[in-house]
Amino acid sequence: MQVALTMVSSNAKTGPIPTTTSERSSCPVTCAFYDKGCYAKSGPQALHWRKVSEGERGLPWNEFVSAIRKIAKGQIWRHNVSGDLPHTFGDIESSMVDNLVSANRGRRGYTYTHHVLNDHNVQVIRDANDRGFTINASTEDVEVADKIMSEHGIPAVAVVNSEESRRFFKTESGRKVIVCPATIHDSVTCATCGLCQKADREFVIAFPAHGTAKKTVNSIVA
C-alpha cells in the first residue's frame with residue numbers, strides 16, 4: 001500500500017493542514033463513484049493520485065505510519081484526499097489501521113470510507129473512532145447516513161446534489177444535516193472547521209457534488 005503524505009496542503013478547501021493520498025487499489029469496487037463520478041480522476045489531484053498508485057510518489061504503509069508521528073500533537077489532518085483504507089477483498093485491514101490509529105495518538109486525524117459496512121468493518125471503524133482517529137462512513141443519501149449513525153453508532157457523511165442550497169436541514173427522522181461549511185463560505189476550510197473530525201457528533205455532514213463530474217454525481221446521489 002503506497003501513501004503520499006503532504007505536510008502542508010495547498011488545497012483551498014482543506015487549508016494548510018497535513019493531507020494524504022492512498023493508491024487507487026485501496027478504493028472498494030462497491031463505491032458508487034468507482035467507475036464514474038470520482039472527483040479525484042480529473043484535475044491536478046488525478047495526476048498526483050496516478051503517480052502514487054504507480055509507486056512514483058509516496059511511501060509504503062509502514063514508512064507512512066512512521067511519518068504520521070512527525071505531525072505536531074493536537075494538529076488536525078486529513079487522511080485520503082483520494083483513496084480509502086487498506087483492505088483485502090473489501091475487509092478493512094485491521095492491523096494496518098491499528099498501526100495508523102496508534103501513530104495518530106495525540107493528533108486529530110480523520111478520514112472517510114466507502115467500504116461496505118459489514119460486521120468486521122464496523123468494528124474496525126468503531127475501534128478507530130474510540131481511540132481518537134475518526135473514520136466517517138461515506139454515503140450518497142442523507143437518509144442512509146442517518147440510518148448508519150443510528151444503527152452502528154459511527155459518524156456518517158453524504159454526497160448531495162450540487163444544487164443543494166440549504167445550509168441546514170433535517171432527515172425524515174429529524175436528524176440534523178449540516179452542509180459542509182467550506183463549500184459555502186470562502187473563509188472556512190477543514191483547518192478552521194473540524195466538524196468531520198468529531199466522531200461523537202449527532203449530525204450528518206453533506207457535501208454538494210463538485211468538480212468536472214458533478215453532473216454524473218448528481219445522477220447517482222439521492
Side-chain angles (χ1 to χ4, degrees), residues 3-22 39-40 45 64-65 67-85 97-98 100-115 124-140 142 144-146 148-150 152-160 164-171 175-211:
V3 186
L5 169 62
T6 301
M7 291 300 286
V8 182
S9 175
S10 60
N11 186 295
K13 293 300 181 184
T14 65
I17 62 172
T19 60
T20 73
T21 295
S22 293
Y39 78 94
Q45 180 62 20
F64 155 67
V65 168
I68 292 301
R69 295 186 171 90
K70 297 178 182 178
I71 296 175
K73 293 290 185 71
Q75 172 67 53
I76 190 170
W77 65 280
R78 175 178 171 177
H79 183 42
N80 289 339
V81 173
S82 53
D84 207 307
L85 297 170
V97 173
D98 178 70
L100 176 59
V101 172
S102 295
N104 176 69
R105 187 176 295 117
R107 300 159 183 85
R108 299 166 57 211
Y110 71 97
T111 192
Y112 313 88
T113 183
H114 259 105
H115 284 301
V124 173
I125 293 169
R126 283 176 176 165
D127 179 67
N129 288 335
D130 288 344
R131 295 168 56 201
F133 181 75
T134 304
I135 301 177
N136 294 273
S138 291
T139 74
E140 296 73 54
V142 295
V144 173
D146 182 354
I148 287 171
M149 294 182 72
S150 296
H152 299 300
I154 59 178
V157 302
V159 178
V160 295
E164 178 57 65
S165 60
R166 295 170 293 179
R167 294 174 57 192
F168 311 100
F169 57 98
K170 291 185 177 181
T171 64
R175 187 184 295 275
K176 188 174 184 178
V177 179
I178 297 179
V179 175
C180 169
T183 65
I184 299 173
H185 307 287
D186 292 337
S187 60
V188 178
T189 65
C190 299
T192 60
C193 175
L195 290 182
C196 290
Q197 198 275 328
K198 297 182 182 298
D200 60 351
R201 66 176 189 269
E202 295 296 328
F203 52 86
V204 173
I205 298 175
F207 296 96
H210 62 283

Legend entry - Within 6.0 Å of NZ in Lys13, more than 12 heavy atoms from elsewhere: yes
Legend entry - pair Arg201-Lys176: side-chain heavy atoms closer than 4.5 Å: no
Inset, instruction - Give the minimum heavy-atom separation between Val101 and Ala128, together with the two atoms involved. - result: CG2-CB, 3.7 Å
Inset, instruction - Output all residues satisfying salt bridge (Lys or Arg N to Asp or Glu O under 4.0 Å) with Asp127, sequence neighbours left out; order by chain, then residue number. - result: Arg131
Legend entry - Which atom of Arg126 lies closest to which atom of His152, heavy atoms considered: NE-O, 2.9 Å
Legend entry - Residue pair Pro155 / Lys198: nearest heavy atoms and the distance that separates them: CB-O, 4.5 Å
Legend entry - Non-hydrogen atoms of Ala191 and Ile17 that approach each other most closely: CB-CG2, 3.4 Å
Inset, instruction - May I ask you to test the Pro208-Val179 pair for a side-chain heavy-atom distance under 4.5 Å? - result: yes
Inset, instruction - State which residues pass salt bridge (Lys or Arg N to Asp or Glu O under 4.0 Å) with Arg166; sequence neighbours excluded, sorted by chain then number. - result: Glu164
Inset, instruction - Could you tell me whether the side chain of Thr20 and the main chain of Ala4 form a donor-acceptor pair under 3.5 Å? - result: no
Inset, instruction - Report the distance from atom CD1 of Ile178 to atom CZ of Phe203, rounding to the nearest 0.5 Å. - result: 4.0 Å
Legend entry - Thr139 side, atom OG1; Ile148 side, atom CD1 - distance, nearest 0.5 Å: 5.5 Å
Inset, instruction - Taking the side chain as every heavy atom from C-beta outward, state whether His115 and Asp84 have any pair of such atoms under 4.5 Å apart. - result: yes
Legend entry - Any donor-acceptor pair under 3.5 Å from Ser102 side chain to Asp98 backbone: yes
Legend entry - Worked check of side chain to side chain contact (heavy atoms under 4.5 Å, CB included) between Met7 and Gln75: CA-CA 11 Å; Met7 291 300 286; Gln75 172 67 53; over 6 Å; no
Inset, instruction - Please examine the side chains of Tyr110 and Cys190, heavy atoms only from C-beta on, and report whether any two atoms are closer than 4.5 Å. - result: yes
Legend entry - Whether Arg107 side chain and Arg105 backbone form a donor-acceptor pair below 3.5 Å: yes
Inset, instruction - For the pair Asn129 (side chain) and Ile154 (backbone), establish whether a donor and an acceptor sit closer than 3.5 Å, ignoring hydrogens and angles. - result: no
Legend entry - From CG (Leu195) to SG (Cys180), nearest 0.5 Å: 8.0 Å
Inset, instruction - Any chance you could measure Leu100, atom CG, to Thr111, atom OG1, to the nearest 0.5 Å? - result: 8.5 Å
Legend entry - Test item: Thr134 side-chain N/O and Gln197 main-chain N/O as donor-acceptor pair under 3.5 Å: yes
Inset, instruction - Considering non-hydrogen atoms only, spot the tightest contact between Cys196 and Phe207 and give its length. - result: SG-CZ, 3.7 Å
Legend entry - Contact check, side chains of Tyr112 and Asn80, non-hydrogen atoms, under 4.5 Å: no
Legend entry - Parallel, tilted or perpendicular, as decided by the 30° and 60° cut-offs, for the rings of Phe64 and His79: parallel
Inset, instruction - Please list, chain by chain and in numerical order, all residues satisfying salt bridge (Lys or Arg N to Asp or Glu O under 4.0 Å) with Arg175, sequence neighbours excluded. - result: Asp146, Glu202
Legend entry - N/O donor-acceptor pair under 3.5 Å between Asn136 side chain and Val157 backbone: no
Inset, instruction - For the residue pair Thr19 and Asn11, establish whether any side-chain heavy-atom pair is separated by less than 4.5 Å. - result: no
